Every structure is written in structure tokens, then in C-alpha cells.
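Throughout, a chain's letter reflects where its sequence line sits, starting with A, and its residues are numbered from 1. Computed from a predicted structure; not experimentally measured.
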Amino acid sequence: MKVDFKAIEEKWQKRWLEERVFEPDRNAKPKEKKFYITVAFPYLSGHLHVGHARTYTIPDVIARFKRMQGYNVLFPMAWHITGAPIVGIAERIKNRDPKTIHIYRDVYKVPEDILWKFEDPKEIVKYFMKAAKETFIRAGFSVDWTREFHTTSLFPPFSKFVEWQFWTLKDMGLVVKGAHRVRWDPVVGTPLGDHDIMEGEDVQILEYVIIKFILEENGEKIYLPAATLRPETVYGVTNMWLNPNATYVKAKVRRGDREETWIISKEAAYKLSFQDREIEVIEEFKGEKLIGKYVKNPVTGDEVIILPAEFVDPDNATGVVMSVPAHAPFDHIALEDLKKETELLLKFDIDPRVLEDITYISLIELEGYGEFPAVEEAEKLGVKSQRDKEKLEEATKNIYKAEYHKGIFKIEPYKGKPVQEVKELIAKELQEKGIAEIMYEFAEKPVISRFGNQAVIKIIHDQWFIDYGNPEWKGKAREALANMTIYPESRRAQFEAVIDWLDKKACARKVGLGTPLPWDPEWVIESLSDSTIYMAYYTISRHINKLREEGRLDPEKLTREFFDYIFREDFSEEKEKELAEKTGIPAETIHDMKEEFEYWYPLDWRCSAKDLIPNHLTFFIFNHVAIFRREHWPKGIAVNGFGTLEGQKMSKSKGNVLNFIDAIEENGADVVRLYIMGLAEHDSDFDWRRKEVGKLRRQVERFYELISEFSSYEAKEGVELKAIDRWMLHRLNKAIEGTTKALEEFRTRTAVQWAFYTVLNDLRWYMRRTEGRDDEAKRFVLRKLADVWVRLMAPFTPHISEELWEKLGGEGFVSLAKWPEPVPEWWDETVEAEEEFVKAFIEDVKEIIRVAKIENPSRVYVYTAPEWKWRVIEVVAEKRDFKSAMAELMKDPEMRKHGKEISKLIQRLIKERAFEVKRIDEEKALREAKDFIEKELSVELIINPEEDRGGKKKQAMPLKPAVFVE
RNA sequence: GCGGGGGUGCCCGAGCCUGGCCAAAGGGGCCGGACUUAAGAUCCGGUGCCGCAGGGCUUCGCGGGUUCAAAUCCCGUCCCCCGCACCA
């Protein structure tokens with residue numbers, strides 16, 4: 001039988017919408033019975049694919065589950081359109097970029113006539129919002145659509161809400177203005193995000209400390225700023241390095257109201273001009289001009305000579321390097337090289353003896369090394385000259401790492417401190433004294449922008465930040481987190497780390513869709529920053545939407561005062577009246593909004609994929625604790641993993657994407673939902689495999705057929721049940737318990753395993769065990785099972801569950817039906833143990849037949865353990881040691897008859913730690929299952945005969961009867 | 001570099017917190033059987049090694065330790081994945 005999933009799905013989706021099944025009424029239930037769950041709204045630059053499906057299905061399943069548990073559930077949805085990508089797409093469509101057109105026409109299947117409208121970003125937004133909503137409806141998501149909205153100034157009421165949020169943060173001093181470094185295209189003049197970079201998108205930005213050595217020339221004070229990543233080594237400088245062939249400049253460097261004269265490489269002058277310095281080049285010359293001159297170390301006061309070195313790269317930092325041969329392999333080797341080049345020295349008019357006089361200065365105590373680690377390491381790796389670049393780099397890396405992590409500084413005033421600490425201290429101190437500055441530089445080159453230009457690092461001013469570095473704020477965020485439930489709990493550590501590391505976050509930019517910063521409208525609030533507390537907006541959104549529809553809303557009148565009242569203040573009739581006048585919204589409606597917010601908040605659950613932990617989810621915590629009162633702080637976060645397609649990462653540019661809607665079209669929403677929920681747990685990733693989905697589809701069809709069949713049965717109360725019937729009901733209880741527990745913890749995979757597979761397998765076993773039976777007891781069991789099973793499956797496969805619920809004559813929607821609870825009288829651990837015993841027995845006999853290679857067995861003799869052995873087990877379980885168990889047992893004269901055997905048995909039991917054995921009536925269990933066992937094994941089963949066939953009888957142990965096969 | 005998370009049988013993946021019932025759930029694949037004219041679907045069995053009686057042996061990245069007992073705890077080590085921001 002083919003099940004027409006599509007027809008069933010459409011039918012119920014229509015009914016749900018018509019009867020407003022998922023629009024909660026806050027007056028229906030007390031606040032203790034409310035359940036508010038949200039999921040990160042989708043960014044709509046295209047269709048949702050199956051990789052996204054899990055993120056949205058989880059909260060829906062939980063919402064459905066909670067609804068059935070009797071909660072008043074709010075599960076809203078909105079759309080995120082803030083940011084640059086959509087604008088970028090529009091631009092690329094306009095430019096007829098073939099790649100973009102391919103994606104939108106062929107992968108997303110946008111009709112041609114609509115595609116060209118995409119030159120306007122608003123059209124993109126319009127199209128995909130509609131598509132996403134349709135997808136969600138067709139996925140069967142139990143969303144309250146009355147609260148739908150989207151972000152940016154295209155939806156003014158929400159924009160006003162964001163404005164309010166930012167004013168509030170600003171007043172608290174949490175939005176600050178400052179400088180910020182960005183990757184920058186110097187030709188086009190724009191900041192470069194990751195996707196704006198053609199080459200080198202993952203290159204790190206390093207913070208060089210540039211230490212200004214002093215060169216006195218004709219009484220003029222000139223600085224020679226040496227760039228280093230190890231400022232602490234300034235105490236060990238023996239000389240300076242310049243590249244004699246590189247071009248250097250003498251330039252006036254202005255920063256603020258300070259002006260100095262520097263000598264740096266030509267490249268450095270250019271790069272520094274983007275980093276808060278005004279550079280005026282006075283003179284250009286080759287590095288050789290300065291070789292042999294002396295400069296003064298600004299920290300130690302030492303006079304050191306400038307020497308030539310070809311390893312100095314003028315395009316790295318300042319092109320000026322200080323030499324610390326004791327701890328830097330490059331410096332050591334360069335000095336060794338130079339000693340051999342007398343001619344070169346003479347050319348620069350340097351007395352070779354100067355080199356001989358250079359004494360290495362040891363700064364760092366490092367275990368496993370002597371005074372000069374750099375020298376040792378270079379030797380160890382067999383470095384011969386500066387040209388052994390690879391080896392030298394390795395040596396440098398080794399030494400740097402070792403000294404940084406394990407080194408102890410030897411020079412006062414930092415003596416005895418770990419290098420790691422000293423480095424920070426010195427860098428800070430030197431900067432404070434004006435001896436050193438910071439220069440940003442790429443760790444590798446080249447870094448090319450998508451415009452094809454060599455990128456630089458620029459310091460931008462007037463940038464607005466949200467100051468997540470604020471220690472007080474961090475404290476509150478930590479407090480909130482500590483009181484939250486995180487699923488999976490193992491992610492908590494990451495949240496803690498993120499809260500610790502988070503610092504100033506640029507919150508506005510000059511391009512893209514969004515809400516303008518209310519006090520500085522040139523800036524648009526950036527997309528991660530405008531969606532941190534919108535869960536609060538949902539609570540009043542339906543009123544806003546209604547007012548809007550009725551044309552009774554002037555968004556401009558949604559002032560700070562209005563939002564303050566709703567979200568941050570106490571109830572006040574007076575205030576409501578006042579606001580009614582100011583906003584034009586009826587006082588009752590304002591009151592209603594306030595009540596609704598107070599009812600739904602705090603948010604019970606926030607769901608999202610795990611990639612949002614380092615940003616959105618943590619911002620969500622931060623912004624909540626800043627703006628809302630403690631009682632409104634969020635209660636839980638559940639994160640989930642991503643999806644791949646047949647083992648491959650989904651990539652729209654490569655075309656291997658399966659759109660969510662296409663998957664639904666192909667398999668039906670219920671199958672897709674069940675598949676995705678059963679595939680992975682919590683934050684682990686899942687892999688979509690077409691073949692498996694197909695298989696599942698058939699199983700779901702089977703489920704449908706089974707329940708359809710059982711629906712005709714009558715559950716007549718009071719019929720006498722056989723052991724196997726009770727077993728089935730007991731197992732059903734377990735499935736209820738297992739599913740419920742798993743769903744409470746967002747463990748969808750375990751839940752599906754219980755709700756679907758375990759029940760299916762148990763049912764299979766039950767049918768096998770009861771084959772040929774057709775009696776009232778069996779019908780009773782199957783009918784009960786159907787009732788329970790449909791409800792257990794309803795969160796996962798809501799459409800066919802509705803259909804089946806209707807067939808079963810259930811009242812109303814299964815979506816609102818009561819979630820099953822274990823039936824107390826169904827519990828029967830004994831019958832389960834007996835059934836397991838029977839199963840194990842069959843397995844054992846099969847094993848014997850197999851191993852002993854018995855052909856055509858005809859009879860199986862089974863001997864269950866005698867009573868006294870059970871007694872021994874019980875006593876051992878209680879006493880747990882040989883002496884007292886033996887003593888206890890020997891009190892009984894019946895037992896004494898078996899004294900010797902008992903002593904052996906006790907020893908064995910203690911050795912095996914067999915302390916937990918559930919007592920069952922083995923003989924009864926075997927007799928009840930006799931027919932079945934005989935059929936399974938195709939033998940005659942003889943239970944506990946007098947005659948000891950094969951002399952096996954004495955082997956009988958509790959739960960392990962003696963067996964003889966003939 | 002800093003931070004977070006992992007390494008389990010042919011593959012995916014549970015178990016690890018709270019050591020024992022773990023040769024290790026559940027899928028998938030593969031092999032065999034039943035059903036069928038056949039294919040498919042479905043059902044049953046097998047899938048570390050050895051074993052003519054239900055047993056034994058060796059396994060959970062690698063090395064060591066704790067324990068009567070370790071996939072699970074501790075120490076060391078190797079390898080892998082992810083994030084590092086103005087970007088959704």
C-alpha cells in the first residue's frame with residue numbers, strides 16, 4: 001500500500017491553520033504551565049536546505065511534545081534580513097554574475113521573470129520570506145504565525161525596538177565609540193570581510209611591538225623602530241639589523257599632536273600611514289647607508305652597532321630588526337655569517353674586531369638548554385647560514401615556543417617571572433613610557449582583496465562597539481549562564497570561554513540592510529547585534545501586527561518610553577494611559593502587551609546550531625542580562641549540529657544542496673522530520689543519505705498500515721492477558737518513559753529510537769510470539785498500543801499521526817492530545833525478565849546446536865535450577881562474602897545436604913560478582929513459551945523431565961538452565 | 001598561538017560523567033536462509049579469532065598507572081575537527 005503522504009499533510013496543515021491550533025491563548029493556562037521556545041530565525045539569502053532542517057525541526061518537536069504535555073506553548077518565527085550579503089547578491093545579479101545567476105536560477109529554481117527583479121534586494125527578501133514560510137508550513141512546524149515579522153528598517157516597528165535596545169545599552173555605557181583595526185583595501189577604500197578576500201582569508205593579524213632605538217645624527221634625534229614579537233628580548237640586544245639592499249625612508253611621523261622622525265622601510269611607511277600615523281617622507285635611501293652607525297637601546301641605554309643582514313624583509317613590519325643572538329637563531333646565524341665576510345665588513349668600514357667583541361646576553365632560563373638556547377638549537381638542527389631559511393624558521397619556532405611556555409626571565413626587575421608574563425608587562429610598560437608602539441601586520445603574505453589589491457591593516461575610528469569586555473557585564477552573563485540549562489551540557493565550557501574572551505564587538509557598519517544607529521544614522525546596526533533580544537519582541541508582536549493591519553499603528557510613536565514600560569517597568573495604569581495618548585495605541589492594548597510579555601518571559605529555550613555559540617548565543621545572554629530584570633533572564637539553550645549530504649559538505653556554489661522543500665516534496669514532511677530527528681543527537685552532525693530516507697519511508701508506511709489495522713480493534717477491558725501480552729504492555733510503558741525522558745533533554749535521536757524503533761521491534765517480537773492468535777487479549781493489547789504509539793510519534797510525524805488519530809477515533813487534534821504516561825498496572829518487570837530468559841534460552845540452544853554441529857536435532861531437554869541454588873544466590877547477594885553467606889546457609893538443614901556444592905557455588909558467585917539476579921519462575925516461563933520455542937527451534941521441548949538426559953542436570957544454574965539436545 | 005571538542009568493530013554511531021551484567025546498543029554495508037517465476041520489498045540468521053555443548057582468547061588512537069575488575073578513572077603521547085569577530 002502506498003500512503004499518500006502529501007494529501008494527508010496538506011489536509012492537516014490546512015486544518016491546523018484554519019483552527020488556529022498553534023496560537024496560544026495566554027489566558028488559557030497559568031504561568032507555571034507556559035512554555036516559550038524560540039529558534040534562531042533564518043537569514044534569507046536563499047532557500048533553506050536539509051542542513052538547516054534539523055535546527056528548526058528540533059524546537060518544533062519539543063514544542064509539540066510540551067503542548068501535548070498540557071503546556072501553553074509559544075513557538076514563533078520571524079525572518080532575518082539584516083546585513084550585506086543580500087545587497088551583494090542584488091548587485092551581482094545586476095552585474096549578471098554567472099555564478100550567482102546559476103545558484104539562483106538552477107539551484108534555488110527561482111523563475112526567470114522573478115530572478116531579474118532581484119536587482120532590488122527587497123525583491124530577494126520578499127521572495128525568500130514567502131518561500132521560507134511555505135517551507136515551514138509544509139514541514140508541519142507548529143508556529144504561531146500571528147507573530148511573524150522581519151528585521152531592518154523595512155519593518156519599522158521592529159526597527160524601533162532595536163533602536164530602543166541600542167539607546168538602552170548606550171545609556172548604560174555599553175555601547176562605546178572607539179578605534180578598531182580592519183583588513184582594508186587601500187585602493188577601493190573599504191573594509192574587507194572574510195568573503196571579500198581572494199587570497200589569504202585566514203591569515204592572522206599579528207601585533208608587533210616596535211621599539212624605538214635612538215640614532216643621534218648631527219644632534220638630531222631620529223628613531224629606528226625595531227619590530228618584534230618578543231619585546232622582553234630588548235634586554236639582550238647586541239646590535240641592529242638592516243637590509244643593506246632594501247629601500248628605507250626617513251620620515252616625519254605624526255600621531256596625534258606628537259611628531260617624530262623615524263627611519264623605516266619604504267613599505268612600512270606606507271603601511272603605517274593606515275595605522276593612525278601621518279607619514280611625511282623626507283628622504284629615501286638604501287639600508288647600506290646606515291650600516292656601521294650606532295644606535296642607543298632606549299631600555300638599557302646600550303650603544304649598539306647597525307649591521308647588514310639579508311634575512312631582514314623590508315615588507316615585514318618596519319624592516320628594522322633588533323638582534324638578540326642568545327635567543328633568536330636568525331640573529332645568531334647572521335652574526336656567524338658576518339664574521340666570515342671580512343670584505344663586506346670592510347666595505348662598510350667596520351672593524352672586524354667589533355664583531356668579535358659582541359657578547360651574547362642571556363636573558364632566559366630554559367630547562368634543557370644552556371645559556372644561549374638559540375645557539376644550541378641552531379647547532380642541533382645543523383643550520384649553516386642565513387640561507388637555511390627553513391631550518392632557521394623551525395629553530396626560531398622551537399625556541400620561541402619553549403621560552404614562551406617554560407622560560408624564566410633572568411633580568412631585573414622581572415627576575416624569576418615566567419616569560420609569558422614578562423612579555424606582557426614589558427610591552428605594556430614600554431608603551432606607557434613612549435618607548436614602544438604597536439604595529440599591526442599580516443602573519444603571511446600576500447593578502448589580496450576581491451578587487452585584486454594588496455590588503456593592508458587599517459585602524460578605523462568612530463567605530464561603534466558593544467563593550468562585551470565590561471567586567472561587570474561579564475559577571476552578570478556568567479551568573480545567568482550558571483543558572484541556565486545547556487544542552488548538551490558539554491557545551492557549557494565553551495560558553496564560559498566565550499564569555500571570558502569576548503571583548504569590544506563592532507556593532508555597526510556602513511553597508512547592508514539594517515536599522516540605522518539612532519544617534520548616528522550613517523551607521524547601520526550590524527546583523528548579529530540587532531538580533532539578540534528579539535525573543536522579547538515576539539511576545540508583543542501579534543498586537544503590533546494587528547494594529548498594523550488595521551492601520552492603527554504609527555511606528556514612529558513606538559518610543560523608548562513605550563518599550564521601557566513594556567519590558568522593564570512595573571505595571572502602571574497611569575503609565576498606560578499616558579502612553580496611550582502618546583502612541584495612539586489603546587491603553588487596554590498596551591496593558592495586554594505588557595501582560596503578555598510578563599506571561600511568556602523568561603524564555604524557556606533558545607535553540608540554534610552550534611556555530612552560533614561564539615557569537616549570537618552568547619550575545620543573547622549578554623544583552624538579556626543587561627536589559628532585562630533577573631526574573632526575565634533566559635533559562636535554557638539547546639544547540640544542534642549541522643548536516644552533510646551523502647558525506648559531502650553542502651555547498652550551493654558546487655550545487656550539491658538539497659533544499660528542505662525539495663526533500664519534503666520527495667519524501668513527505670513526516671519522513672523527513674523523523675529521519676532528521678533520528679539521525680543525530682544534540683550537537684553531533686548528521687549525514688543525509690537518500691537511500692536511508694527511502695528505507696525509512698517504507699517503515700513509516702508500515703507504521704501507518706499497522707495502526708490503521710489496529711484501529712479497527714476493540715480494547716475490551718477486563719480480558720485476561722497472557723504473559724506475552726503483559727510483556728508487550730510493559731515494554732510500551734518503557735517506551736513511553738524512554739521517549740518522555742529523552743525529549744525532556746532534547747535528545748531527539750534517543751527519543752526516536754524509543755518512540756519508533758523500539759516499539760516497532762517489540763511489536764515485531766510480539767507478533768512473532770503471538771502468531772496464529774486472534775483473541776480479545778491480543779486485540780486489546782494492539783489497540784492500546786496503537787493509541788499510545790500514535791501519540792508518541794505525533795511530535796515527529798504529526799501529519800500521519802493526526803490522520804491515524806482520527807481513524808482511532810481520538811478526540812480533537814492529536815497535536816493537542818494528552819501525552820501518554822506509563823500505565824501503573826502495565827508495569828511488570830518479572831514478565832520482562834521471563835521473556836528475556838526465554839530469548840536467552842533460545843539463543844543458547846541455537847548456539848549449542850551450531851557449535852556441537854548437531855544435525856537435525858529433534859528433542860531439547862531442559863532442566864531449570866533447583867530451588868536451593870536460587871537460595872544461595874539470594875544469600876550471596878545479601879552477604880557478599882564467603883564466610884557469612886556460608887554460615888547463613890548452613891543454618892538450614894535442607895541446605896546442608898548440598899554443603900560441598902554450595903561452598904563451591906558461593907566462591908564462584910563472589911568471584912563473578914553475581915549479586916544482582918532477579919528471581920523468576922523459569923519453569924512457568926518455559927511452559928508458557930513452549931509452543932513458540934518448539935516452533936522457533938523446530939524441536940520438541942521437554943521441560944524438567946525426571947530422567948537426567950546426557951547427565952546435564954547438575955549444570956543447571958538460575959537463569960541458565962541445563963540443556964541437552966538430541 | 002589562544003579557546004572548545006573529538007579518536008570505539010568494514011562504515012556511521014551509542015556507551016565514557018556515576019568502573020563490573022560490554023565482544024560492546026542502533027543503523028548501514030556485506031554474507032547466508034525463508035518467501036517469490038524472477039527482481040524488489042519483507043522476515044530470519046551471521047558478520048574479531050578459536051571452539052563437535054551454551055565456552056575461551058584478543059579488542060575500544062598509542063604507552064604507562066590505579067583496581068579483584070577499565071572503552072569507561074589518572075598520567076604521558078600522537079593524531080583529527082571547529083571557532084578566533086565586525087561576518088551571516
Base, sugar-phosphate, or nothing for [X], non-hydrogen atoms under 4.0 angstrom?
X: Asp503(A); result: base
X: Phe964(A); result: base
X: Gln955(A); result: base
X: Lys610(A); result: nothing
X: Lys504(A); result: base
X: Pro42(A); result: nothing
X: Ser529(A); result: nothing
X: Arg747(A); result: sugar-phosphate

Kindly assign one of parallel, tilted or perpendicular to the pair His616(A) and Tyr534(A), based on the angle between their ring planes and the thresholds 30° and 60°.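 If you compare the ring of His616(A) with that of Tyr534(A), the planes turn out tilted.
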Want to settle it: does Lys846(A) or Arg689(A) sit nearer the 5' end of RNA chain B, counting the closest nucleotide to each?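 Closest to the 5' end, via its nearest nucleotide, is Arg689(A).
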Atom pair distance, as rounded to whole Å: [atom1] in [X] and [atom2] in [N]:
X: Ile848(A); N: G56(B); atom1: CD1; atom2: P; result: 14 Å
X: Arg850(A); N: G32(B); atom1: CZ; atom2: P; result: 18 Å
X: Leu760(A); N: G26(B); atom1: CG; atom2: P; result: 14 Å
X: Glu526(A); N: A85(B); atom1: CD; atom2: C1'; result: 9 Å
X: Phe932(A); N: C44(B); atom1: CZ; atom2: C1'; result: 11 Å
X: Arg702(A); N: G40(B); atom1: CZ; atom2: C1'; result: 16 Å

For [N] versus [M], give the span between their [atom1] atoms, rounded off to a whole number of Å.
N: G7(B); M: C17(B); atom1: P; answer: 14 Å
N: C10(B); M: G33(B); atom1: C1'; answer: 22 Å
N: A34(B); M: G40(B); atom1: P; answer: 15 Å

Residue from Glu829(A), Glu835(A), Glu834(A) passing side-chain contact (heavy atoms from CB on, under 4.5 Å) with Glu832(A):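 By the side-chain contact (heavy atoms from CB on, under 4.5 Å) criterion, Glu832(A) pairs with just one of Glu829(A), Glu835(A), Glu834(A): Glu829(A).
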Lys695(A) side chain N/O closer than 4.0 Å to the phosphate oxygens (OP1, OP2) of G29(B)?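 Affirmative; the distance criterion is met.
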